[in-house]
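Per chain, numbering begins at 1; letters A, B, ... match sequence-line order. What you are looking at is a predicted structure, and each value in this text was computed from that prediction instead of being measured.
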Amino acid sequence: MTKWLADKLWRHIVAISVCLFSLFPLYLVIISSLNPTGSLNLTSFIPTEISFKNFSILFNDPRIPYLTWMRNSLIIAGAVAILSVTIGAASAFAFSRLRFKGKLMGLKLLLLVQMFPAILAISAVYVIMERVQTFAPAIGLGTKPGLLLVYLGGAMGVNIWLLKGFVDTIPTELDEAAKVDGASPMQIYWLIFIPLATPVLSVVALLSFIGTFNEFILARLFLVDMPDRTIAVGLQSFIGGQYAQNWGPFAAGSIIASVPIVIIFLSLQKYIVNGLTAGSVKG
Amino acid sequence: MLVSIFRGKVALALKVIALLLITSVFTMLAQHAFAQGEYAIATFLILATFAMNFVYLTQKSVPLKFFLPGLLFLLAFVVGPVLYTVAMSGFQYQTGNTLSKQEAIVQLEKLGKVQDANQTTLDVTIGRTKANELAVIYFDSANKEFAVSTEKSRTVQNSSTVTKNDFDVPNGSSDFTKLTSDELAALDSKIPTLKFYYDGEYYLGLEGFQAASLYKQSIAYDAAKDEFKSLINDKIYRDNGKGNYSNINNPEEILQPGWRAPIWFDHYKSLFTEKRLRTPFIGVFIWTITFAALSVLTTFALGLLLALALSKALRGRRVYRSILILPYAMPSVMSILIWGGMFDTEFGAINNLLGTNIAWFQSAAFARTAVIVVNLWLGFPYFYLVSSGALQAIPTELAEAAAIDGANPRQIFRKITLPLLLKILSPLLIASFAFNFNNFNLIYLLTGGGPINQLDGDLAGSTDILISYTYKIAFKEGNSNLGLASAISLIIFVLVASISLYGLKKSKVLEDLS
């Protein structure tokens, strides 16, 4: 008995107390979202009344174009995920499988570039896109395509690097066999590599989706008009400084926005943990 | 069948069509950019078009076919902005200094005017003379006469020929016809720059479509000497080398607007020499380091404790694990905003739980505590996951051997497990430090950098880290300083890059490359 105490009890105590810490805010958000008054009141921890009023406000109140924000986020994050993996996979293939002059140098530069936090160049990106706006209003500052381009470019380094890491783990026997049989690099890429790499590519696409969905500051600088906003910027501006009045709908909105991300994340756990030890930190 | 998409005539046709499309779009964009004077962007677009056509139409380089699109994106949206940041950091580029020098001189001449002593304002009608010169007609109340003024001359009108509108304002004469409303609309943007002759010293300047005031030029530009001279008190203003004309006897007195002047390393220098900039910069810098270090320390300590606690088979371990990584799976923007509500003074859960009444974001110490607590919640699952992985990677033989030699579990942990763990995890600890060094979202969304000492008129708040401080400098409404912000960005980059490179050396990624 004492041995059990010494060996197991402290483990349970540590685990349970940290679990409480980790669940505390989530629990509060859930009960807030079900609280019909809708105002911030986190002083009682047991719900007295349950209603879905806050959720219905989200979909009916013209002050909160919640569905539009959600759609914007899904479209932008989805497009970034697909395009960045399409472009990144080709680069990763070249760096992982082909031999060429200057490859080592290229890899070192890539390593340097992917370390650069995109936020540091934010004022330059802003000024450049302001200029693009003057001659190509469709892709300049304040447009969704413009933001998409900035996201694609900003994440390209990290994505290629991440993809290369994953791609390196795919065995090379098959494409070497194809090479012996006289296949061109293009054929190896499309007919052998892509089918083999599809699981890995979808993981990176989903990771990139999560990252873009969660991006705040570029979206905030770029998309100023209310109906153009992404869910992160929309909810932030909705709650911004007015915790007291808008808390209930905000809680409901953040739950709906988080659930798909949490599900994706938990189902990708294995890959994410592998990626973590490779040195990438989720933003 | 499938192969034909990648080889042969179909493939060639697809390729040519795609290239044609891209070429035409890029060329069109380049033309527009060139027309707007954006030569750098236009050049980039043209070179990119050439590169793509060359790479995909020849067999010169197969690898380039694969990474050219990625490369172009990196050049356009990472390398380009970085170079642009470097350039901006060498310029006086802030609110009031956004024009080129030529544009600034034009603006200064236009703004350098004073009204007459009586502040005379006249009702006017805009039109044309018989000679088709742009002119205004008005009743000159000082001289009690009707007159028409063009840019160069003023002619008195015979009052019998003058017609008036319902408000008794002259609108035509034998020598003058008023403009149609379409013509007026076309003139709109030029209104502030138009001048009409009055008496040599004063001229009529329009205040909209129907009124004009008497002005005289108060400063004059001397192009040969590149100086402005006040026509009222003879003060001389010269280029001060920092993007403004300043009074040669009193350098503090400058003319607005200024221009984007190259000032090379002045931003860097002033960060370390000017007290006004140095004090907040050093304060923010120290807090950034403290914040990043404390964040790594607390998240690692809690994560490691959990990893140790759950390192052995335990009932409910899988449930614990799923709950513990929830904070990491949540979108962090949402979590941070939720925590913001929890720290509310009146209705927040934290005060209620502690039985206190603390205004968390009003005091520096409490706000900093809140930031660290929230970051601990956000970050401990990461270190729990990686520590668990690392613990499994440590061979158990060492610990067993030590146990046989009589070491107690504590000694084994301190002397064997922990050092090995630190060795494995040090690159990740460094990466986490670098990440938190630039953890903009947390600060911006939780405290906005505050509380700010309003009395100083300072931008920097107690929880501001370098990157959030930089953001404020760059984007503060009405007082943005892109030049200074770029300089600080580059300082941050050098710091973060050295930290990360040090981490990479430890992790041996660099050796694996070759």
In terms of ring plane angle, is the pair Phe216(A) and Tyr444(B) parallel, tilted or perpendicular, where the classes change at 30° and 60°? tilted
Check whether [X] gets within reach of chain A through its side chain, its backbone, both or neither, counting any heavy atom under 4.5 Å.
X         : result
Leu482(B) : side chain
Tyr93(B)  : side chain
Ile323(B) : both

Quick one: does any side-chain atom of Arg97(A) pair with a main-chain N or O of Val167(A) as donor and acceptor, under 3.5 Å?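 At least one qualifying donor-acceptor pair exists.
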Would the distance check show the side chain of Gln59(B) and the main-chain N or O of Ser61(B) forming a donor-acceptor pair, the cut-off being under 3.5 Å? no
Part of [X] within contact of chain B (heavy atom distance under 4.5 Å):
X         : result
Pro117(A) : side chain
Leu266(A) : side chain
Phe116(A) : both
Ile119(A) : both

Aromatic centroids of Phe250(A) and Phe238(A) separated by under 6.0 Å: no
Phe21(A) CZ: over 12 foreign heavy atoms closer than 6.0 Å: yes
